[in-house]
Amino acid sequence: MKNIETTVGIDKLAFFVPHYYVDMTDLAIARNVDPAKFHIGIGQDQMAVNPITQDIITFATSAADQILSPEDKKAVDMVIVATESSVDESKASAVVVHGLLGIQPFARSVEMKEACYAATAGLSLAHDFVALHPDRKVLVIATDIAKYGLKSGGEPTQGGGAVAMLISSHPAILALNADNVALTQDIYDFWRPTGQAYPSVDGKFSNSVYIDAFSQVWDEYCRRNDAHFADFSAIAFHTPYTKMGKKALLPKLETEPEAVQKHLMAQFESGIVYNRRVGNLYTGSLYLSLISLLENSEQLSAGDKIGLFSYGSGTVAEFFTATLVPGFEKHLRKTEHEALLNSRVKLSIEAYESMFEEKIDFNHNTKFADDAAYSIEEIKDNHRIYRQK
Ligand code: HMG
């Protein structure tokens, strides 16, 4: 396999999920479905639910706050927020995130969109910027709320949360190997016209487009790089629900030696531990899976190559790779991440449904109370005012 490695990569990495969840057994019973369909057929055990006082901006700042030191805030020249749950058609959420986090003022802040894919474009942009300016850093945040509607076909694949990644020229966790293969296809598998509250989705079709997109970018990656599954220590997938990546990987592994199949499937399981407990994060799903893999696999060492499959409906798909840096394990946040997941409050189905239906009314000035580190404190003059505890 060709080696195209740069030193630029992910220096710090953290996720945030809202403080509430639904147990998938409870949801299955309420929807008159066999719980095994959700736990095994879909592969989800819990689903994140957000209160009205939390949005993509509070998710983003709560994730980034965990990793940024005062020195980082002085070194960040660009804040990229990837989302498909935008709270404004004009002003970028990244501008608000930049302000709340106290990033130095002479920075660029933008929001990027292409369904669940955009954070991957953000990472590439960050990589190239830091390669040109090795003393500077870029903050990339993937943040979303996945909502399909109560009792909808997509309901068991909802979720929400954010992943923050700090990109630097001397990364402590992963070097990004600038070997990305992207694929754009104009397809309507999942879309949300402006003003529509929930996405339109052709669920079964979206599964097959995802599977086919993985096959295409993987084959092209192998052709360009003379690569093989055996070159990879693990492959992390965009994870709208945890069965999805498996459905794309298994057919491609069929002709591989048994040892390669077993190893990659065991690593796949490590990569979905957290996702099983959160559901879809849209832009953040691939990166939550990456964190899950790094923090739960016992079969990773420095120098190992990890493949990443990014997919956004509409569609753009991308396969790229990263290499683990010596000492990477010392920079993970397993204890904090597990504590965050374990401290969440389980909602009854009635409480979930009423939280789901709550909406912000921008025509009335309103005050809210939420004890989280970041929350919406007030709606005033048609905009959101945030509170930082
Ligand atoms: P559905 O109709 O509820 O479920 O749709 P199903 O009938 O297809 O069953 C799902 C699986 O459960 C099947 O397994 C069944 O056999 C199994 P599979 O054939 O897939 O391997 N099953 C059971 N297993 C054990 N015990 C049982 C049992 N019963 C059935 N008793 C669907 C499921 C995912 C389509 C739906 O929830 C949906 O539309 N979700 C949203 C769309 C989605 O997530 N698509 C994924 C690909 S597109 C993507 O990833 C992009 C996205 O993230 C958006 C973006 O880019 O912005 C979504």
Side-chain angles (χ1 to χ4, degrees), residues 22 24-25 27-45 47-48 56 82-86 112-122 142-163 182-193 196 198-215 217 236-251 265 268 272 275-276 278-289 308-319:
V22 160
M24 294 306 275
T25 300
L27 186 65
I29 292 166
R31 301 295 179 249
N32 215 10
V33 168
D34 179 355
K37 175 176 173 183
F38 290 172
H39 291 286
I40 300 163
I42 302 273
Q44 290 304 135
D45 301 323
M47 182 173 92
I56 55 154
T83 189
E84 58 175 299
S85 322
S86 202
M112 295 180 77
K113 178 179 73 180
E114 172 15 52
C116 298
Y117 161 77
T120 302
T143 179
D144 268 302
I145 297 168
K147 274 181 147 182
Y148 291 85
L150 297 175
K151 302 177 184 154
S152 66
E155 187 182 32
T157 62
Q158 297 179 143
V163 175
L183 172 76
T184 297
Q185 305 177 100
D186 184 4
I187 293 173
Y188 280 81
D189 60 333
F190 168 110
W191 65 103
R192 184 159 71 89
Q196 189 173 301
Y198 307 126
S200 298
V201 57
D202 188 340
K204 299 271 185 326
F205 180 51
S206 72
N207 289 351
S208 65
V209 180
Y210 175 117
I211 292 166
D212 177 66
F214 174 65
S215 176
V217 289
F237 284 80
H238 165 56
T239 307
Y241 56 94
T242 69
K243 181 93 164 281
M244 188 66 248
K246 198 182 282 185
K247 283 154 76 93
L249 181 58
L250 280 175
M265 288 319 295
F268 179 86
I272 57 171
N275 303 68
R276 288 191 77 93
V278 179
N280 200 349
L281 272 76
Y282 288 159
T283 47
S285 288
L286 165 61
Y287 300 98
L288 180 67
S289 179
L308 294 105
F309 175 62
S310 181
Y311 178 81
S313 283
T315 67
V316 180
E318 192 156 318
F319 186 81

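Indexing begins at 1, ligand by ligand and atom by atom, following the structure's order.
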Ignoring hydrogens and geometry, is there a side-chain-to-backbone donor-acceptor pair from [X] to [Y] under 3.5 Å?
{"X": "Thr143", "Y": "Ala162", "answer": "no"}
{"X": "Thr315", "Y": "Gly312", "answer": "no"}
{"X": "Arg192", "Y": "Ala115", "answer": "no"}
{"X": "Gln158", "Y": "Ile145", "answer": "no"}

Could you list the atoms of ligand 1 found under 4.0 angstrom from a heavy atom of [X]?
{"X": "Thr157", "answer": "37 (O), 40 (N), 41 (C)"}
{"X": "Gly203", "answer": "35 (C), 39 (O)"}
{"X": "Ser206", "answer": "42 (C), 43 (C), 45 (N), 46 (C), 47 (C), 48 (S)"}
{"X": "Gly154", "answer": "37 (O), 38 (C), 40 (N)"}
{"X": "Ala115", "answer": "55 (C), 56 (O), 57 (O)"}
{"X": "Lys243", "answer": "14 (O), 18 (P), 21 (O)"}
{"X": "Tyr311", "answer": "48 (S), 49 (C), 50 (O), 51 (C)"}
{"X": "His238", "answer": "49 (C), 50 (O), 51 (C), 52 (C), 53 (O)"}

[X] N/O under 3.5 Å from ligand 1 N/O:
{"X": "Asp189", "result": "no"}
{"X": "Lys204", "result": "yes"}
{"X": "Asp34", "result": "yes"}
{"X": "Ile40", "result": "no"}

Can you tell me the protein heavy atom closest to [atom] and the distance?
{"atom": "atom 15 (C) of ligand 1", "answer": "Gly41 CA, 4.8 Å"}
{"atom": "atom 57 (O) of ligand 1", "answer": "Glu84 OE2, 2.3 Å"}
{"atom": "atom 19 (O) of ligand 1", "answer": "Lys247 NZ, 4.0 Å"}
{"atom": "atom 46 (C) of ligand 1", "answer": "Asn207 OD1, 3.3 Å"}
{"atom": "atom 26 (N) of ligand 1", "answer": "Ala36 CB, 3.5 Å"}
{"atom": "atom 54 (C) of ligand 1", "answer": "Cys116 SG, 3.3 Å"}
{"atom": "atom 22 (N) of ligand 1", "answer": "Lys37 CG, 3.9 Å"}
{"atom": "atom 51 (C) of ligand 1", "answer": "Ser313 OG, 3.2 Å"}

Checklist entry - Looking at atom 31 (N) of ligand 1, is any protein heavy atom nearer than 4.0 Å to it? => result yes

Checklist entry - Who gets closest to atom 34 (C) of ligand 1 by heavy atom: Phe237, Phe190, Tyr241, Tyr117? => result Tyr241

Next on the checklist: Heavy atoms only: which of Tyr148, Phe38, Trp191, Tyr210 lies closest to atom 58 (C) of ligand 1?
Outcome noted: Tyr148

Item to check | CD-OG distance between Glu84 and Ser313, expressed to the nearest 0.5 angstrom | outcome: 7.5 Å

Checklist outcome for this item: Any heavy atom of Val209 under 4.0 Å from ligand 1? The part involved is neither

Checklist entry - Can you say whether the rings of Tyr210 and Phe237 are parallel (under 30°), tilted (30 to 60°) or perpendicular (over 60°)? => result parallel

Checklist entry - Any idea how Phe190 and Tyr148 line up, ring-wise: parallel (<30°), tilted (30 to 60°), or perpendicular (>60°)? => result perpendicular

Item to check | Closest approach of Ala119 to Ala142 (non-hydrogen atoms, all atoms of both residues) | outcome: CB-CB, 3.7 Å

Next on the checklist: Tell me the closest heavy-atom pair linking Trp191 and Pro193, and the distance in Å.
Outcome noted: CD1-CD, 3.7 Å

Checklist entry - Under 3.5 Å, is there a donor-acceptor pair between the Thr157 and Asn280 side chains? => result no

Item to check | Distance-only side-chain donor-acceptor flag, Thr283 / Asp144, under 3.5 Å | outcome: yes

Item to check | Candidate list Thr239, Ile272, Asn207, test side chain to side chain contact (heavy atoms under 4.5 Å, CB included), partner Met244, passing option | outcome: Asn207

Checklist outcome for this item: Residue pairs passing the salt bridge (charged side-chain N to carboxylate O under 4.0 Å, His left out) test with at least one member in residues 145-162, sequence neighbours excluded, are Arg31-Glu155

Item to check | Beyond-backbone contact of Met265 with Lys246, side-chain heavy atoms, under 4.5 angstrom | outcome: yes

